[in-house]
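Written out below as structure tokens is the structure these notes cover.
In the text below, chain A, chain B and the rest are named by the order of the sequence lines, each starting its count at 1.
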Amino acid sequence: MDPVIILALMAVGIFAGIVGALFGLGGGIIFMPFLTIVFGLSASDAVAVSLVGIVTSSVGAASSYVKEGRSNIRLGLLLEITTAIGAIIGALLAGIMADWLLLCVFSAMLIYSALHMLKHKEVVNEPEISDNDDPLVFEYAGDDGEKHRYKVDNIKGGMLGCGAAGVLASMTGVGGGAIKVPLMNLYMHVPIKVASATSNYMIGITAFSGVIIYLLNGSILLDYAAGMAIGAFIGALIGVRISGRLKATSMRKYLAVVLLIISVLELLKAGGIM
Amino acid sequence: MNDSGSTAFVLRLCVCIGIAVIVIGLLTDSTDILWFGILALICAPFLGILTTFVSLISEKDWYWVKVAAVLIVVMAIGITISIIQ
């Protein structure tokens with residue numbers, strides 16, 4: 001393959017990796033338009049390559065966040081159960097509901113989440129000492145460098161929400177992280193940096209189930225995937241560094257802006273313009 | 001090493017091995033090497049779950065051992081359904 005194309009793929013991967021690592025998004029929203037519009041891949045080829053990029057970005061970021069204790073592995077495992085079930089259901093139901101309707105619902109959820117994040121302060125449930133044995137009480141390092149404890153609220157609703165995210169992601173190919181991060185932060189009261197780091201950990205698991213099939217079927221354009229993966233890894237490392245310097249309040253605002261941009265792009269897609 | 005440390009180590013090891021093999025594959029223009037590099041990369045999340053599962057067992061954290069076990073089973077079912085389809 002032409003080295004210029006490899007470098008271009010790496011550049012896209014770096015950008016997507018940075019955004020993905022910062023905000024707990026998979027990067028598919030960046031990969032897909034570039035792969036289809038700029039590189040001219042078919043939708044199915046682009047999905048396969050994008051999934052490799054998503055896994056790489058996710059794992060690259062998660063390896064740092066998990067080590068720092070920012071990714072809540074336990075919570076991620078729990079929420080991934082219903083996400084994976086949702087993805088199975090979504091794959092079986094694919095084609096039953098019109099894509100444009102799903103994308104409109106998805107965009108509406110993102111707009112609501114973004115506006116809520118901009119309008120309201122973060123709510124974190126600080127547990128009582130008697131909650132020490134509660135399996136849903138965890139610790140994280142705040143912006144002040146001190147350890148803080150938090151309790152995850154609304155776990156059943158959160159798991160249902162992740163199930164819906166799995167269905168949507170499976171049916172439309174979008175939005176796992178864009179739903180999960182606001183869901184964890186706004187509804188389950190997980191601190192935003194923990195929510196985005198945990199989403200990074202989860203996205204790789206979700207993407208794994210899909211991409212392994214593509215690889216075993218020989219359906220991945222290996223050189224495209226390779227360039228994208230190298231860039232996504234570099235981008236993830238950069239994103240982790242930036243994330244460490246960003247205050248939680250700023251991250252919430254920037255994420256809200258990113259969610260609004262994603263919602264506009266998805267509405268354009270629903271309307272057949274993109 | 002606790003579950004976070006060992007999981008982080010496995011994730012970082014897989015992604016570094018995967019990227020290194022991919023770079024070799026690109027330089028030698030070998031699709032077989034590229035394939036193995038990508039395989040190493042994309043298996044990282046699942047190997048991370050297995051590592052966490054083993055660590056949780058060693059920590060005797062039975063609540064989360066069950067959670068990890070259920071997730072592994074659900075993922076195996078999902079992959080099986082995908083293969084059949």
Study note, to complete from the structure: Smallest heavy-atom separation, A:Ser63 atom then B:Ala8 atom, equals O-CB, 3.5 Å
Point to revise | Minimum heavy-atom distance between B:Pro45 and A:Gly204, given as atom pair plus value | key: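 Shortest heavy-atom contact: CG-O, 3.4 Å.
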Heavy-atom cut-off 4.5 Å, strictly under: side chain, backbone, both or neither for [X] against chain A?
| X | answer |
| --- | --- |
| B:Ile81 | side chain |
| B:Leu39 | both |
| B:Thr31 | both |
| B:Ile19 | side chain |

Study note, to complete from the structure: When A:Ile81, A:Ile205, A:Ile212, A:Thr206 are each screened for side-chain contact (heavy atoms from CB on, under 4.5 Å) with B:Met75, the one that passes is A:Ile205
Revision key, fill the gap. Tested for side-chain contact (heavy atoms from CB on, under 4.5 Å) against B:Leu41, the lone hit among A:Val59, A:Thr56, A:Leu215 is A:Thr56
Check your understanding: Does a sphere of radius 6.0 Å around CZ in A:Phe39 hold more than 12 heavy atoms from other residues, nucleotides or ligands, not counting ones at 6.0 Å or beyond?
Key -> yes
Check your understanding: Above 12 or not: heavy atoms from other molecules or residues under 6.0 Å from CG of A:Asp2?
Key -> yes
Check your understanding: Roughly how far apart are B:Leu71 CG and A:Leu79 CG, rounded to 0.5 Å?
Key -> 10.5 Å
**Study point:** Value rounded to 0.5 Å, distance of OG in A:Ser209 from CZ in B:Phe46
**Key:**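 A:Ser209 OG to B:Phe46 CZ: 8.5 Å, rounded to 0.5 Å.
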Does some side-chain heavy atom of [Y] sit less than 4.5 Å from a side-chain heavy atom of [X]?
| X | Y | result |
| --- | --- | --- |
| A:Arg74 | B:Asp61 | yes |
| A:Ile230 | B:Leu26 | yes |
| A:Phe208 | B:Ile49 | no |

Please state whether the side chain, the backbone, both or neither of [X] comes within less than 4.5 Å of a heavy atom of chain B.
| X | value |
| --- | --- |
| A:Tyr65 | neither |
| A:Leu237 | side chain |
| A:Leu51 | neither |
| A:Ser64 | both |

Study note, to complete from the structure: Ranking A:Leu222, A:Val52, A:Ile88, A:Val55 by heavy-atom pairs under 4.5 Å to chain B gives rank one to A:Leu222
Check your understanding: For chain B, which of A:Gly227, A:Ala84, A:Ala226 has the most heavy-atom pairs under 4.5 Å?
Key ->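 Ranked by contacts with chain B, first place is A:Ala226.
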Practice item. Report the relative orientation of the aromatic rings in B:Trp64 and A:Phe138; use parallel for angles under 30°, tilted for 30 to 60°, perpendicular for over 60°. Key: tilted
Practice item. For each of B:Ile77, B:Val15, B:Ile22, B:Ile42, tally heavy-atom pairs with chain A at distances under 4.5 Å, and name the one with the top tally. Key: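 Top option by heavy-atom pairs under 4.5 Å: B:Ile42.
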Practice item. Apply side-chain contact (heavy atoms from CB on, under 4.5 Å) to the pair B:Ile38 and A:Tyr214, showing each step before the final yes or no. Key: CA-CA 11 Å; B:Ile38 290 170; A:Tyr214 279 108; over 6 Å; no
Exercise for review: Taking heavy atoms only and a threshold strictly under 4.5 Å, list by residue number the residues of residues 66-73 of chain A that touch chain B; give 'none' if the list is empty.
Suggested key: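 The residues closer than 4.5 Å to chain B, in numerical order, are A:Val66, A:Lys67, A:Ile73.
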